[in-house]
Amino acid sequence: MFIDSIEKLGKYKYKVKTETLVFYVYQSDLRKYLIKEGVEFSKELYERLIKETLVPRARKKALDILSRADCSEADLRRKLSLKNYLPEVIEDAVNYAKKFNYINDERYAENYLNYRGKSKSTRQVKMELISKGIDSSIIENLFLDDRSDEEALHNLLKKKIKNPKDLDEDKIRKIYSYFYRKGFSTELIRSEINKIISIEA
(Lines give C-alpha, C1' and ligand atoms only; values in the text may rest on other atoms or scores of the structure.)
Protein backbone atom coordinates (compact mmCIF):
# COMPACT_ATOMS: atom_id res chain seq x y z
CA MET A 1 0.00 0.00 0.00
CA PHE A 2 1.10 3.55 -0.70
CA ILE A 3 1.47 6.01 2.21
CA ASP A 4 -0.38 9.14 1.12
CA SER A 5 0.25 11.22 4.24
CA ILE A 6 1.51 11.15 7.82
CA GLU A 7 -0.02 13.72 10.16
CA LYS A 8 1.35 14.48 13.62
CA LEU A 9 -1.46 14.57 16.17
CA GLY A 10 0.39 15.02 19.43
CA LYS A 11 3.81 14.77 20.91
CA TYR A 12 4.23 11.16 19.81
CA LYS A 13 1.08 10.04 17.94
CA TYR A 14 0.67 10.06 14.16
CA LYS A 15 -2.21 9.53 11.74
CA VAL A 16 -1.18 7.51 8.69
CA LYS A 17 -3.36 7.60 5.56
CA THR A 18 -3.10 5.20 2.65
CA GLU A 19 -5.30 4.89 -0.42
CA THR A 20 -7.45 2.30 1.40
CA LEU A 21 -7.24 2.88 5.15
CA VAL A 22 -6.23 5.10 8.06
CA PHE A 23 -4.31 3.90 11.11
CA TYR A 24 -2.63 5.49 14.10
CA VAL A 25 0.89 4.84 15.35
CA TYR A 26 3.57 6.33 17.55
CA GLN A 27 6.85 7.88 16.50
CA SER A 28 8.76 4.75 17.43
CA ASP A 29 6.46 2.71 15.15
CA LEU A 30 7.29 4.93 12.19
CA ARG A 31 10.96 4.12 12.61
CA LYS A 32 10.53 0.44 13.43
CA TYR A 33 8.28 -0.35 10.46
CA LEU A 34 9.85 2.10 7.98
CA ILE A 35 6.60 4.04 7.56
CA LYS A 36 7.35 7.07 5.40
CA GLU A 37 5.16 9.49 3.51
CA GLY A 38 5.13 9.05 -0.26
CA VAL A 39 6.55 5.53 -0.29
CA GLU A 40 5.17 2.02 -0.60
CA PHE A 41 4.36 0.21 2.68
CA SER A 42 4.69 -3.52 2.14
CA LYS A 43 2.03 -6.03 3.13
CA GLU A 44 4.60 -7.90 5.22
CA LEU A 45 5.47 -4.82 7.27
CA TYR A 46 1.80 -3.93 7.70
CA GLU A 47 1.00 -7.43 8.98
CA ARG A 48 3.95 -7.22 11.39
CA LEU A 49 2.69 -3.84 12.62
CA ILE A 50 -0.73 -5.34 13.31
CA LYS A 51 0.50 -8.53 14.95
CA GLU A 52 3.50 -7.25 16.92
CA THR A 53 2.31 -3.80 17.95
CA LEU A 54 -1.30 -2.79 17.37
CA VAL A 55 -2.93 -6.01 18.59
CA PRO A 56 -0.98 -6.17 21.89
CA ARG A 57 -1.56 -2.43 22.38
CA ALA A 58 -5.32 -2.78 21.91
CA ARG A 59 -5.49 -5.80 24.22
CA LYS A 60 -3.66 -3.83 26.90
CA LYS A 61 -6.00 -0.86 26.44
CA ALA A 62 -9.05 -3.16 26.67
CA LEU A 63 -7.84 -4.60 29.96
CA ASP A 64 -7.09 -1.11 31.22
CA ILE A 65 -10.65 -0.01 30.40
CA LEU A 66 -12.14 -3.08 32.08
CA SER A 67 -9.94 -2.71 35.17
CA ARG A 68 -11.61 0.65 35.83
CA ALA A 69 -15.22 -0.39 35.23
CA ASP A 70 -17.17 -3.38 33.97
CA CYS A 71 -18.74 -2.72 30.60
CA SER A 72 -20.70 -4.47 27.90
CA GLU A 73 -19.14 -5.81 24.73
CA ALA A 74 -20.67 -2.94 22.75
CA ASP A 75 -19.31 -0.39 25.24
CA LEU A 76 -15.83 -1.86 24.98
CA ARG A 77 -15.97 -1.73 21.18
CA ARG A 78 -17.08 1.89 21.31
CA LYS A 79 -14.33 2.91 23.74
CA LEU A 80 -11.64 1.19 21.67
CA SER A 81 -13.03 2.80 18.54
CA LEU A 82 -12.70 6.21 20.19
CA LYS A 83 -9.00 5.39 20.65
CA ASN A 84 -8.74 5.00 16.85
CA TYR A 85 -7.94 1.29 16.73
CA LEU A 86 -8.56 -0.50 13.45
CA PRO A 87 -11.75 -2.64 13.29
CA GLU A 88 -9.77 -5.88 12.97
CA VAL A 89 -7.66 -4.92 15.99
CA ILE A 90 -10.77 -4.06 18.03
CA GLU A 91 -12.28 -7.42 17.11
CA ASP A 92 -9.17 -9.22 18.37
CA ALA A 93 -9.12 -7.23 21.63
CA VAL A 94 -12.82 -7.95 22.29
CA ASN A 95 -12.39 -11.66 21.59
CA TYR A 96 -9.34 -11.71 23.85
CA ALA A 97 -11.35 -10.15 26.70
CA LYS A 98 -14.23 -12.61 26.10
CA LYS A 99 -11.86 -15.58 26.05
CA PHE A 100 -10.81 -14.86 29.65
CA ASN A 101 -14.35 -13.82 30.68
CA TYR A 102 -13.26 -10.23 31.28
CA ILE A 103 -16.42 -9.20 29.44
CA ASN A 104 -19.65 -11.14 29.68
CA ASP A 105 -22.87 -9.44 28.64
CA GLU A 106 -25.06 -11.83 30.67
CA ARG A 107 -23.07 -11.07 33.84
CA TYR A 108 -23.06 -7.36 33.01
CA ALA A 109 -26.85 -7.29 32.55
CA GLU A 110 -27.45 -9.17 35.80
CA ASN A 111 -25.15 -6.85 37.75
CA TYR A 112 -26.78 -3.83 36.14
CA LEU A 113 -30.20 -5.02 37.25
CA ASN A 114 -29.04 -5.81 40.80
CA TYR A 115 -27.07 -2.63 41.43
CA ARG A 116 -28.70 0.02 39.25
CA GLY A 117 -32.14 -1.34 38.52
CA LYS A 118 -33.64 -1.50 41.99
CA SER A 119 -35.06 2.02 41.79
CA LYS A 120 -36.29 1.65 38.20
CA SER A 121 -39.10 -0.05 36.38
CA THR A 122 -38.58 -3.13 34.24
CA ARG A 123 -39.23 -1.03 31.14
CA GLN A 124 -36.58 1.54 32.05
CA VAL A 125 -33.97 -1.11 32.88
CA LYS A 126 -34.66 -2.87 29.56
CA MET A 127 -34.26 0.39 27.62
CA GLU A 128 -30.99 1.19 29.39
CA LEU A 129 -29.61 -2.29 28.69
CA ILE A 130 -30.58 -1.96 25.03
CA SER A 131 -28.69 1.36 24.91
CA LYS A 132 -25.66 -0.50 26.31
CA GLY A 133 -25.80 -2.88 23.35
CA ILE A 134 -27.06 -5.90 25.30
CA ASP A 135 -28.72 -8.49 23.07
CA SER A 136 -32.52 -8.67 23.42
CA SER A 137 -32.43 -12.41 24.19
CA ILE A 138 -30.15 -11.77 27.19
CA ILE A 139 -32.48 -9.03 28.41
CA GLU A 140 -35.57 -11.23 28.10
CA ASN A 141 -33.86 -14.11 29.92
CA LEU A 142 -32.93 -11.70 32.68
CA PHE A 143 -36.59 -10.98 33.35
CA LEU A 144 -37.88 -14.56 33.17
CA ASP A 145 -38.16 -14.55 36.94
CA ASP A 146 -40.98 -12.02 36.50
CA ARG A 147 -39.40 -9.21 38.48
CA SER A 148 -42.26 -7.39 40.14
CA ASP A 149 -42.69 -3.70 39.27
CA GLU A 150 -45.43 -3.63 41.88
CA GLU A 151 -43.09 -4.71 44.67
CA ALA A 152 -40.30 -2.40 43.49
CA LEU A 153 -42.60 0.62 43.30
CA HIS A 154 -44.21 -0.13 46.66
CA ASN A 155 -40.81 -0.20 48.39
CA LEU A 156 -39.68 2.98 46.63
CA LEU A 157 -42.86 4.83 47.52
CA LYS A 158 -42.52 3.87 51.19
CA LYS A 159 -39.06 5.45 51.17
CA LYS A 160 -40.20 8.57 49.34
CA ILE A 161 -43.41 9.14 51.30
CA LYS A 162 -42.24 9.58 54.88
CA ASN A 163 -45.65 10.65 56.18
CA PRO A 164 -48.70 9.88 54.00
CA LYS A 165 -50.78 12.35 56.02
CA ASP A 166 -48.67 15.19 54.61
CA LEU A 167 -49.61 14.34 51.02
CA ASP A 168 -51.54 16.98 49.12
CA GLU A 169 -52.46 17.20 45.44
CA ASP A 170 -49.25 19.00 44.49
CA LYS A 171 -47.01 16.43 46.23
CA ILE A 172 -48.94 13.54 44.70
CA ARG A 173 -48.60 15.11 41.25
CA LYS A 174 -44.82 15.41 41.72
CA ILE A 175 -44.60 11.78 42.87
CA TYR A 176 -46.60 10.68 39.81
CA SER A 177 -44.24 12.60 37.50
CA TYR A 178 -41.12 11.26 39.21
CA PHE A 179 -42.07 7.59 39.00
CA TYR A 180 -43.62 7.93 35.53
CA ARG A 181 -40.21 9.14 34.31
CA LYS A 182 -38.75 6.02 35.92
CA GLY A 183 -40.93 3.93 33.61
CA PHE A 184 -43.77 2.89 35.95
CA SER A 185 -47.32 3.01 34.59
CA THR A 186 -49.77 5.63 35.87
CA GLU A 187 -52.21 2.87 36.87
CA LEU A 188 -49.59 1.15 39.02
CA ILE A 189 -48.45 4.43 40.59
CA ARG A 190 -52.04 5.35 41.47
CA SER A 191 -52.71 1.90 42.91
CA GLU A 192 -49.59 1.83 45.06
CA ILE A 193 -50.10 5.38 46.38
CA ASN A 194 -53.66 4.47 47.33
CA LYS A 195 -52.39 1.37 49.16
CA ILE A 196 -49.93 3.40 51.22
CA ILE A 197 -52.54 6.04 52.02
CA SER A 198 -55.12 3.42 53.03
CA ILE A 199 -52.62 1.58 55.28
CA GLU A 200 -51.83 4.80 57.12
CA ALA A 201 -55.47 5.96 57.28
**OP:** May I ask you to test the Phe41-Ile35 pair for a side-chain heavy-atom distance under 4.5 Å?
**Re:** yes
Original post:
So if you build clusters from Ile, Leu, Val, Met, Phe, Trp, Tyr with side-chain heavy-atom gaps below 4.5 Å, do Tyr14 and Tyr26 land together?
Top reply: no
**OP:** Mind listing the closest non-hydrogen atom pair of Gly133 and Ala74 along with its distance?
**Re:** CA-CB, 3.7 Å
Subject >> Donor-acceptor pair, side chain of Asp105 and main chain of Glu73, under 3.5 angstrom >> reply: yes
Subject >> Closest approach of Ala97 to Leu76 (non-hydrogen atoms, all atoms of both residues) >> reply: CB-CD2, 4.2 Å
**OP:** Evaluate the side-chain contact (heavy atoms from CB on, under 4.5 Å) criterion for residues Ile103 and Tyr108: first the C-alpha distance (whole Å), next the side-chain angles of each, then the deciding distance (0.1 Å), finally the verdict.
**Re:** CA-CA 8 Å; Ile103 52 171; Tyr108 177 86; over 6 Å; no
Subject >> Side-chain donor/acceptor of Asp64 to backbone N/O of Lys60, under 3.5 Å >> reply: no
Original post:
With side chains defined as the heavy atoms from C-beta onward, is the minimum distance between Tyr33 and Thr53 less than 4.5 Å?
Top reply: yes
Subject >> Check against side-chain contact (heavy atoms from CB on, under 4.5 Å), Thr122 and Lys126 >> reply: CA-CA 6 Å; Thr122 296; Lys126 285 183 176 181; 3.7 Å; yes
Original post:
For Arg173, does its backbone N or O pair with a side-chain atom of Ser177 as donor and acceptor, under 3.5 Å?
Top reply: yes
Original post:
Heavy-atom distance under 4.5 Å between the side chains of Ile65 and Leu80, does that happen here?
Top reply: yes
Original post:
Mind checking whether Leu86 and Ile50 have side chains closer than 4.5 Å, heavy atoms only?
Top reply: yes
Original post:
Heavy atoms, side chains only, cut-off 4.5 Å: are Val16 and Met1 in contact?
Top reply: no
**OP:** Determine yes or no for a side-chain-to-main-chain donor-acceptor pair under 3.5 angstrom, with Asn194 supplying the side chain and Ser191 the backbone.
**Re:** no
Original post:
Taking all atoms of both residues into account, what is the closest heavy-atom pair of Ala109 and Ile134, and its distance?
Top reply: CB-CG2, 4.3 Å
Subject >> Rounded distance [0.5 Å steps], NZ in Lys15 versus OG in Ser5 >> reply: 7.5 Å
**OP:** Measure across Arg107 and Asn101 and return the closest heavy-atom pair with its distance rounded to 0.1 Å.
**Re:** NH1-O, 3.0 Å
**OP:** Any chance you could lay out the side-chain contact (heavy atoms from CB on, under 4.5 Å) test for Ile3 and Lys36, step after step, and finish with the verdict?
**Re:** CA-CA 7 Å; Ile3 306 295; Lys36 295 179 182 179; over 6 Å; no
**OP:** State which residues pass side chain to side chain donor-acceptor pair (under 3.5 Å) with Arg59; sequence neighbours excluded, sorted by chain then number.
**Re:** Asp92
**OP:** Anything under 30° is parallel, anything over 60° is perpendicular, the rest tilted; go ahead and classify Tyr96 against Tyr102.
**Re:** tilted
Original post:
Atom CD1 in Ile130, atom CD1 in Ile139: separation rounded to 0.5 Å?
Top reply: 4.5 Å
Original post:
Counting only heavy atoms not in Lys79, do more than 12 fall under 6.0 Å of its NZ?
Top reply: yes
Subject >> Heavy-atom neighbours of Glu169 CD exceed 12 at 6.0 Å >> reply: no
**OP:** State yes or no: do Val39 and Phe23 share one hydrophobic cluster built from I, L, V, M, F, W and Y residues joined by side-chain heavy-atom distances below 4.5 Å, directly or via other members?
**Re:** no
Subject >> Donor + acceptor pair across side chains of Tyr112, Ser72 (<3.5 Å) >> reply: no
Subject >> Atom CE of Met127 with >12 non-hydrogen neighbours under 6.0 angstrom >> reply: no
**OP:** Could you grab the distance from atom CD of Glu7 to atom CD of Glu37, nearest 0.5 Å is fine?
**Re:** 10.0 Å
Original post:
Considering only heavy atoms from C-beta outward, does the side chain of Leu21 approach that of Tyr46 to under 4.5 Å?
Top reply: yes
Subject >> Residue pair Gly10 / Lys8: nearest heavy atoms and the distance that separates them >> reply: O-CE, 3.0 Å
**OP:** State, with a plain yes or no, whether a side-chain heavy atom of Leu54 is found less than 4.5 Å away from one of Tyr85.
**Re:** no
Original post:
What's the spacing between Glu110 CD and Tyr115 OH if we round to 0.5 Å?
Top reply: 9.5 Å
**OP:** Report, as yes or no, whether the 6.0 Å neighbourhood of atom OH on Tyr12 holds more than 12 heavy atoms from other residues, nucleotides or ligands.
**Re:** no
**OP:** Decide if atom NZ of Lys13 counts as having more than 12 heavy atoms of other residues, nucleotides or ligands within a radius under 6.0 Å.
**Re:** yes
**OP:** Kindly compute the distance separating CG (Leu66) from NZ (Lys61), expressed to the nearest 0.5 Å.
**Re:** 11.5 Å
**OP:** Check the hydrophobic clustering (I, L, V, M, F, W, Y; side-chain heavy atoms under 4.5 Å; chains of links allowed) and say if Leu9 and Val25 are grouped together.
**Re:** no
Subject >> CZ on Arg57 to CG on Leu49, rounded to 0.5 Å >> reply: 8.0 Å
Subject >> Flag side-chain contact, heavy atom, 4.5 Å: Tyr24 against Lys83 >> reply: no
